[in-house]
Amino acid sequence: MPEPHPAGIWQVAPPSSWEEVADLISFDAPFADLWLPGERSGRWFVGGELNLSVNCVDRHLVDRPDRPAVHWEGEPGDRRTLTYAQLHEQVLALTAALRGMGVGRGDRVGLHLGWLPETVVIMLACARIGAVHTVLPTPLPVEPLGDRLELLDLKVLFTQDGAWRHGTVLPLKSRADDALLAGGSVQHTIVVRRTGMDVAWFEGDRWYHDLVAPARPGVATSPVGDPSAAASLPSDHPIAAIPLAHRGGRTVSILHGTATMLAGAVAVHRRLRTGGVFWCAGDIAWTVTQFHGIYGPLAHGDTVVMYEGTLDQPSQTRAWDIVARYGVESMVTTPSVVRTVRGWARELPEVSGLPSLRRVTTAGEPVDDELRSWLGQAFASREVDVVDAWGQLELGGIVQVAGGGGDDVDAVPDCGVDIVDAEGTPVAEGAAGEVVLRLPWAGTMVGIEGPQAAIAEAHWTRHPGSYATGDLAVRRADGRMDFLGRTDDVVSISGQLVSLPEVREVLADHPFVEVAAVASRKDPDLGRSLVAAVSLSAEVGPDPDLDGVAVELMDTVREVMGGLARPRAVLVLDHFGGGLGELELARAVALLATPDRAGAPRRVTWEQMVAAAGQ
């Protein structure tokens, strides 16, 4: 084990296999040093300059201009395919249009969009300019959307009239308009016409198709320079800002660099791919979808499959249909999606095998052996290579891939995963501890923003000389890790991080609630879900309808924070007493909040809570 070093400074060099990864990236100016010691994960590709858009599109125009870059399918069944040449044309058009609006290097651009071809074009156009994009999830209610708009200091916001989701249309433009009333710096709102629904129009609003039309090749542009030219950017120039779940009650955003993020995505994609058609079956808000579902495959010159909606529309065979239609060879998704599809499969007539599919990767949350085994047989006419991936938003997505394998597999560079106790000493096999990285990882964030940024900095200060993940795990005898949860108050639900204190705060602010506690528990559908315990205020009256109260509280959380944060059960306590620490309280809530029917509340005394905590 390397000797500790000053807090925040990393001096242990990464493995030389990163040089092979760097060879897969096109630099405008070569880097002088692959890695140098420095703060956080050190300095990578020092002195190098490049452009992410060029790496994902331009460099493939010579040998594969007519190869499909993107196969896209909408939830209602409409489809589009963009070749690399067509994608390049659209990226150039939007780049010129954004520059014409005054968007430049370092400016912030928000993407309040579903998973559309335009979304990828916008990401690549921002990268071409050097603007920093941020994805604002489509399910976000108005209040948290407004909070993020105020924090992020956006110059331009992209949204759409409406977004298809689970057979219905979400009114994205309307939500964005309401959120912008609370403040923020947005100068222009660009609207993609997707559903044709009527939307209100305000000063600064523009249709996406009107914006890009004048800038297409062949139309006169500014005589000074090429407005669609790619900017050469330093390796650590920020390319994306990713909001984390609330830390310390306030939002924190992490910044990912151009070459650093790309290196991580390229290194991992070599391990995940088995051929040229790759599908990330996940939402755009999932970092894995952005980095490993778009940048990694496009940098390799592969074909990306994109699906807009939920996999039960119009029928529960949609996942099989997509794999068969596009000849998907490799895919990545969350165990939550796999559990849902498995539930459907039990009620479906036998579906045909899918000979194209060779490897499936699960990421975002732990996957149990039974689910892994089912997944290896469900989609293919032969055994599928199933692998389990682990990573973090702060690390640029996936950093470790376990299971599967074969002669065609390229190993992911070693990041020195270890499990340690509170003092940073490695624990014995079978003992629980915190997961740390002993070796630098190229895809690690290059910056942190927000009023609670110091909380994120603890990744490097808690165990100096290592990166502390905050994930708790146990190492198996075969070397694989079983993840147990988090050391902080953040939990991963269906691949997305949710802040327990924020949910508790929303419940405590409700007039029906005097005091609230929130915990997570295992969930057969989502992997983990939230449960809550509350003591009620006098506002509910002497004989309240507990079913109605529980539904009201659950819906309030969903409206403020989104559906994944909605508690699946609510306990009603006679009072909150003393004698239980925060972990004991969480254990008791998770144990007792098992309603007789979905969502039904149960009355529980404080004495029952204390007894449950001792079990």
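Between W606 and F576, the ring-plane angle classifies as tilted under the 30° and 60° cut-offs.
Of all heavy-atom pairs spanning I419 and A473, the tightest one is CG2-O, 3.7 Å. Between D471 and T469, the shortest heavy-atom contact is N-OG1, 3.0 Å. R504 approaches A516 most closely through the heavy-atom pair CD-O, 3.3 Å. The shortest heavy-atom contact between V387 and T361 is CG2-OG1, 2.9 Å. Between R194 and P76, the shortest heavy-atom distance links the atoms NH2-CD, 3.5 Å. In plain terms, the two heavy atoms of M197 and G162 that are nearest each other are SD-CA, 3.5 Å.
Judged by distance alone, the side chain of T289 and the main-chain N or O of A285 form no donor-acceptor pair under 3.5 Å.
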Taking it one step at a time, do T317 and S315 satisfy side chain to side chain donor-acceptor pair (under 3.5 Å)?
CA-CA 5 Å; T317 63; S315 74; 2.9 Å; yes
Please step through side chain to side chain contact (heavy atoms under 4.5 Å, CB included) for the pair H256 and Q290, ending with a clear verdict.
CA-CA 12 Å; H256 281 289; Q290 299 174 51; over 6 Å; no
Check against side chain to side chain contact (heavy atoms under 4.5 Å, CB included), H133 and F158:
CA-CA 10 Å; H133 85 266; F158 284 88; over 6 Å; no
Side chain to side chain contact (heavy atoms under 4.5 Å, CB included) assessment of I239 paired with F291:
CA-CA 11 Å; I239 202 70; F291 292 176; 5.6 Å; no
Test side chain to side chain contact (heavy atoms under 4.5 Å, CB included) on M445 and L255; report intermediate values, then the result.
CA-CA 5 Å; M445 57 184 174; L255 299 175; 5.9 Å; no
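Looking only at side-chain heavy atoms (C-beta outward), L157 and L136 come within less than 4.5 Å of each other. For the pair V417 and V435, the minimum side-chain heavy-atom distance is below 4.5 Å. The shortest distance between side-chain heavy atoms of P137 and R148 falls below 4.5 Å. Counting only heavy atoms from C-beta outward, the side chains of I398 and V288 approach each other to under 4.5 Å. V199 is listed as a side-chain neighbour of W207, based on a closest heavy-atom distance under 4.5 Å. Side-chain atoms of L116 and E308, non-hydrogen and from C-beta on, do get closer than 4.5 Å to each other. Counting only heavy atoms from C-beta outward, the side chains of K155 and Q187 approach each other to under 4.5 Å. Within the 4.5 Å cutoff, no side-chain heavy atoms of H112 are placed close to those of L149.
In this view, D545 satisfies the side-chain hydrogen bond (donor to acceptor under 3.5 Å, both in side chains) rule with no residue, not counting sequence neighbours. Among residues two or more places apart in sequence or in another chain, the ring-ring contact (aromatic ring centres under 6.0 Å, His included) test is passed with W390 by F483. Here R372 pairs with D369 under the side-chain hydrogen bond (donor to acceptor under 3.5 Å, both in side chains) rule; sequence neighbours left out. With sequence neighbours left out, D153 forms a side-chain hydrogen bond (donor to acceptor under 3.5 Å, both in side chains) with S185. Applying the side-chain hydrogen bond (donor to acceptor under 3.5 Å, both in side chains) criterion to Y307, with sequence neighbours excluded, gives R318.
The environment of E607 atom CD is dense: over 12 non-hydrogen atoms of other residues, nucleotides or ligands sit within 6.0 angstrom.
Separating the CZ atom in F512 from the CG atom in L536 is a distance of 9.0 Å, to the nearest 0.5 Å. For the atom pair E75 CD and L311 CG, the distance stands at 9.5 Å (nearest 0.5 Å). Distance check, rounded to the nearest 0.5 Å: OH of Y467 to CD of Q392 gives 4.0 Å. Atoms OG1 and CZ, from T556 and R566 in turn, are 10.0 Å apart once rounded to the nearest 0.5 Å. Taking CG from L152 and CD from E150, the interatomic distance works out to 10.5 Å, rounded to the nearest 0.5 Å. One finds the CG atom of L437 at 8.5 Å from the CD atom of Q400 (value rounded to the nearest 0.5 Å).
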Expected list for residues 165-176: side-chain donor-acceptor pairs under 3.5 angstrom, two or more places apart:
unit_1 : atom_1 : unit_2 : atom_2 : d
H166   : ND1    : T310   : OG1    : 3.3
H166   : ND1    : D312   : OD1    : 3.3
H166   : ND1    : D312   : OD2    : 3.3
T168   : OG1    : R165   : O      : 2.9
K173   : NZ     : D177   : OD1    : 3.1
K173   : NZ     : D177   : OD2    : 2.9
K173   : NZ     : A200   : O      : 2.8
K173   : NZ     : D205   : OD2    : 2.9
R175   : NH1    : T138   : O      : 2.9

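When each of V557, V549, L553 is checked for a side chain to side chain contact (heavy atoms under 4.5 Å, CB included) with H510, only L553 meets the rule.
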